[in-house]
Amino acid sequence: MIRSHGAGAVLASEIGNTVTVAGWVQRRRDHGGVAFFDVRDASGLVQVVADPAEHPIVDDLKMEYCVRVEGVVRPRPVGTENPDLVTGSVEIGAVDIQVLAAAKTLPFMIDDRSDVDELVRLRHRYLDLRRPRMAANLRARSKTTAAIRRTLDQLGFLEVETPTLINSTPEGARDMLVPSRLRQGEFYALPQSPQLFKQLLMISGVERYFQIARCYRDEDFRADRQLEFTQLDLEGSYWARDDVLATIEKVLAAVVADLRGVELGLPLPRLTWTEAMNRYGVDKPDIRFGMEITDLGETVSSCGFSVFTDALDAGGTVRGINAGPIEWSRSKADLLTARAKELGAKGLVWAVVEDDGSLRSPASKFFETWETEAIKGDLSASSGDVLLIVADSRWKTCVSVLGSLRNDLGRPKDHSELSFLWVVDFPMFEEREDGSITFSHHPFTSPQSVDDLRTRPREAVSNAYDVVVNGIELGSGSIRIHDPVVQRQVFDILGIDASEAERRFGWFLEALEYGTPPHGGFAFGIDRLVMVLQNEGSIREVIPFPKTQTGLDPLTGAPTWVDDSQLGDLGLSLSETALERRDEKTLDPG
RNA sequence: GGGAGCGUAGAACAGCCUGGAGUGUUCGCCGGCCUGUCAAGCCGGAGGUCGCGGGUUCAAAUCCCGUCGUUCCCGCCA
């Protein structure tokens, strides 16, 4: 036995006992005649006291040396207790000190104070994970999956593993591909979600399925997006929408209780998609703050500003937000206008409410006094407030731009407050720029009305729903299509003709033919949930070994070039471009 | 695919706008002193391809172009 106690378990109750602890040297404080050092392990930290004359080895102890200390627990002298430390009322008087393993000079210090470049952290992730905050994040993640499993087990769910080498379905996100050796020229795809397998499990009679599933999407990175991520995936038979929502709410409540120690108010608030878009301009609203979008169309319908009237004449809309008394300057106006254009608006009209009630704005001269007053009234504006107004011939462009500006300006910087909500009644389809139609959720989502699907698919509302926390899309689900006729109909509307549907999804359509129970389910991102609950700004902080934005793991160097013989086994060869890149990189790595 | 920011000692930065010797700060590292510290303190020291390549210039960390890396954003993400 190397140790008798965890460092964090050396409490006042051990006074007088001989204990052995093992861990890393946090810091050494050598006063000449007496020296202190802290031993840190996964359980916490305890102070060791040694006389350097008696224990010359303390001179050698550097930060992060792995040591073993045997000693007697004693109370600290009065006045030297450390209230910030769980073990702060005691210390270990060293009897024997051994170095188990020396450590090189560290690339960064193992504490939460040091602000270190992420690339350096990732290159030495094993050290980064020693930092208390990162260790806590790992622990929180484990507690999250434990709470999920506990809750779903109590509800009678079966945890089932589905394959990760599956077939590619090019809709939606780009697939991560894996070449087959035994069947040269053919490829597996890594799953973007276990969607069809869990539906098959419903057909198999599992009735209550879940899986904590690694999923893969080969798309560009964001602070909340990695190539691989982990989802809680679940599905149930004979479920209506509210059965799914209630189940997810129970899971979320259990996780929030375990990680935050607070009770989640259930049921969670619900917004329809249309309401969310109209009030917040996004389908994942952050409702921790107001600044809601207001329709100014009626107010400005006869004003002299052609930007507004032209948009209205084209069947569009004019809407605004009251950004409140924010600091305003020419450069701020330029910045926000550029942002609005980046988001797809043709421009941005701003107005500052002056003390005399007038509007200072490039557009103010176009408004009659009554119009100025009406705009202020619509937006509940008072002196000093900044009003931002967007006009567009497309409703969705207008509200989306304002919704993003609203987020830019008002969104709380952290997640100390939690605001979960459901967004329900998503449209079944959405239009692309070119006017063609695509699914807004996925092609296995059922419509609320099969009649609508047939007669006016562009207006059809789906049985899809999202759960959102603090403006972050946590996950989504739906009641699925269990009728193969309807499923074929949806493929048809999406422009997948019968023969193509048969070729790609024939196996699934056939499965639906054998008495498929009505079913539905959900999936939410565990990385994102833990990120929010741990009050982190990026999922990389809660993923033990994440990748950088270009898909590199700075620690292992993945992805790497492989031997030509390996490529040969797979029937693959590299393109000219790839070969050039390889030669450059081989000469000048990194 | 596009836009923006960043890259200077082991770490975090300042210096760059307005070119003039690798100048500076904090932490770490090395040596010394020190009997109650806990981000110990004091004294001394070492440590640099200013990401890389090119250009402008008498002179480049600084200005220009390119490139690599990284972060954030737009597109993309059923």
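Between Asn137(A) and Glu536(A), the side chains place a donor N or O and an acceptor N or O closer than 3.5 Å (distance only, hydrogens not considered). Using a 3.5 Å distance cut-off with no hydrogens or angles, the side chains of Asp425(A) and Gln448(A) do pair a donor with an acceptor. For the residue pair Gln192(A) and Asp175(A), a side-chain donor N or O sits within less than 3.5 Å of a side-chain acceptor on the partner. When only modelled atom types and interatomic distance are considered, Thr272(A) and Thr274(A) share no side-chain donor-acceptor pair under 3.5 Å.
Of all nucleotides listed (C27(B), U35(B), C77(B)), C77(B) comes nearest to the side chain of Arg225(A). The side chain of Val34(A) has U35(B) as its nearest neighbour among C77(B), A11(B), U35(B). The side chain of Leu119(A) lies closest to U70(B) when the candidates are C30(B), C38(B), U70(B). The Glu342(A) side chain lies nearest to C73(B) when the options are U71(B), C73(B), A11(B). Looking at the side chain of Glu91(A), the nearest of the listed nucleotides C73(B), C38(B), U37(B) is U37(B).
When heavy atoms are screened at a 4.0 angstrom cut-off, Pro107(A) is found touching the sugar-phosphate backbone but no base atom. Residue Ser538(A) is classed as having no contact, given no heavy-atom separation below 4.0 Å to the nucleic acid. Counting any heavy atom pair closer than 4.0 Å across all strands shown, Asp84(A) reaches no nucleic acid atom. Contact annotation for Ala35(A): no contact, since no heavy-atom pair falls under 4.0 Å across all strands. Here Arg74(A) lies in heavy-atom contact (under 4.0 Å) with a base. No contact: Gln226(A) has no heavy atom under 4.0 Å from any strand. Counting any heavy atom pair closer than 4.0 Å across all strands shown, Glu473(A) reaches no nucleic acid atom. At a threshold of 4.0 angstrom between heavy atoms, the contacts of Leu45(A) with the nucleic acid are absent.
At least one side-chain nitrogen or oxygen of Arg540(A) sits closer than 4.0 Å to the OP1 or OP2 atom of C72(B). Taking 4.0 angstrom as the limit, Arg222(A) places a side-chain polar atom (N or O) nearer than this to OP1 or OP2 of C74(B). The side chain of Thr80(A) contributes no N or O atom lying less than 4.0 Å from OP1 or OP2 of U37(B). Proximity of Arg29(A) to the phosphate of A40(B): a side-chain N or O atom is located under 4.0 Å from OP1 or OP2. Between C72(B) and Gln549(A), a contact under 4.0 Å exists linking OP1 or OP2 to a side-chain N or O. Within the structure, every side-chain polar atom (N or O) of Arg339(A) is placed at least 4.0 Å from both OP1 and OP2 of C73(B).
The P atoms of G7(B) and A14(B) are separated by 7 Å, rounded to the nearest whole Å. For the C1' atoms, the distance linking G15(B) with U23(B) amounts to 8 Å, nearest Å. Nucleotides A12(B) and G48(B), compared at atom C1', are 16 Å apart to the nearest Å. Straight-line distance between the P atoms of C74(B) and A60(B): roughly 41 Å, to the nearest whole Å. Remark: the separation of the C1' atoms in U8(B) and U26(B) is 15 Å, to the nearest Å. When the P atom is used for both G51(B) and A40(B), the distance is 32 Å, rounded to whole Å. C72(B) sits 23 Å from A9(B) when the P atoms are compared, rounded to a whole Å. Distance check on atom P: G44(B) versus C27(B) gives 14 Å, rounded to whole Å.
Aromatic stacking of His31(A) on A40(B): satisfied, with centres closer than 5.5 Å and planes within an angle under 30 degrees.
Residue side chain Glu219(A) does not reach the base of G75(B) through any donor-acceptor N/O pair under 3.5 Å, judged by distance alone. Residue-to-nucleotide contacts include a donor-acceptor pair under 3.5 Å from the side chain of Arg76(A) to the base of C38(B). A donor N or O paired with an acceptor N or O is not found under 3.5 Å between the base of C38(B) and the side-chain atoms of Arg27(A).
Per the geometry, CZ belonging to Arg174(A) stands 11 Å off C1' belonging to G75(B), to the nearest Å. Here the P atom of nucleotide C6(B) and the CG atom of Asp115(A) are 16 Å apart, to the nearest Å. For Phe108(A) and C29(B), the CZ to P distance is 15 Å, given to the nearest whole Å. Atom pair Arg121(A):CZ and G69(B):C1' shows a separation of 17 Å (rounding to whole Å applied). Summarising the geometry, the separation between CG on Asp220(A) and P on G3(B) is reported as 14 Å, rounded to the nearest angstrom. When rounded to the nearest whole Å, the span between CZ of Arg123(A) and C1' of A11(B) equals 13 Å. Lys104(A) places its NZ atom 13 Å from the C1' atom of C29(B), with the value rounded to the nearest Å. Lys341(A) has its NZ atom 18 Å from the C1' atom of C73(B), to the nearest Å.
When each of Arg113(A) and Gly32(A) is assigned the nucleotide of RNA chain B bearing its nearest heavy atom, the one mapping closer to the 5' terminus is Gly32(A). Both Asp30(A) and Leu552(A) sit near RNA chain B, but only Asp30(A) has its closest nucleotide nearer the 5' end.
Look at A4(B): its Watson-Crick or wobble partner, with both distances under 3.5 angstrom, is U71(B). Base pairing of G45(B) is made with C29(B), judged by Watson-Crick or G-U wobble geometry with both donor-acceptor distances under 3.5 Å. Summarising the base pairing, C16(B) is matched to no nucleotide, lacking a Watson-Crick or G-U wobble pair whose two defining distances lie under 3.5 Å. In this structure G36(B) sits in no base pair that meets the Watson-Crick or G-U test at under 3.5 Å. Taking a pair to require two hydrogen-bonding distances under 3.5 Å in either a Watson-Crick or a G-U wobble arrangement, A61(B) remains unpaired.
Interatomic distance, Arg125(A) CZ to Asp553(A) CG, rounded to the nearest 0.5 Å: 9.5 Å. The distance from atom CG of Asp112(A) to atom CE of Met134(A), rounded to the nearest 0.5 Å, is 10.0 Å.
The side-chain tip of Arg174(A) does not point at the ring of Tyr216(A) from less than 6.0 angstrom away and within 45° of straight on.
Between Arg121(A) and Asp117(A) there is no salt bridge, since none of the side-chain N atoms of the basic residue sits less than 4.0 Å from a carboxylate O of the acidic one.
Between Asp38(A) and the options Arg29(A), Arg28(A), Arg27(A), a side-chain hydrogen bond (donor to acceptor under 3.5 Å, both in side chains) holds for only Arg29(A).
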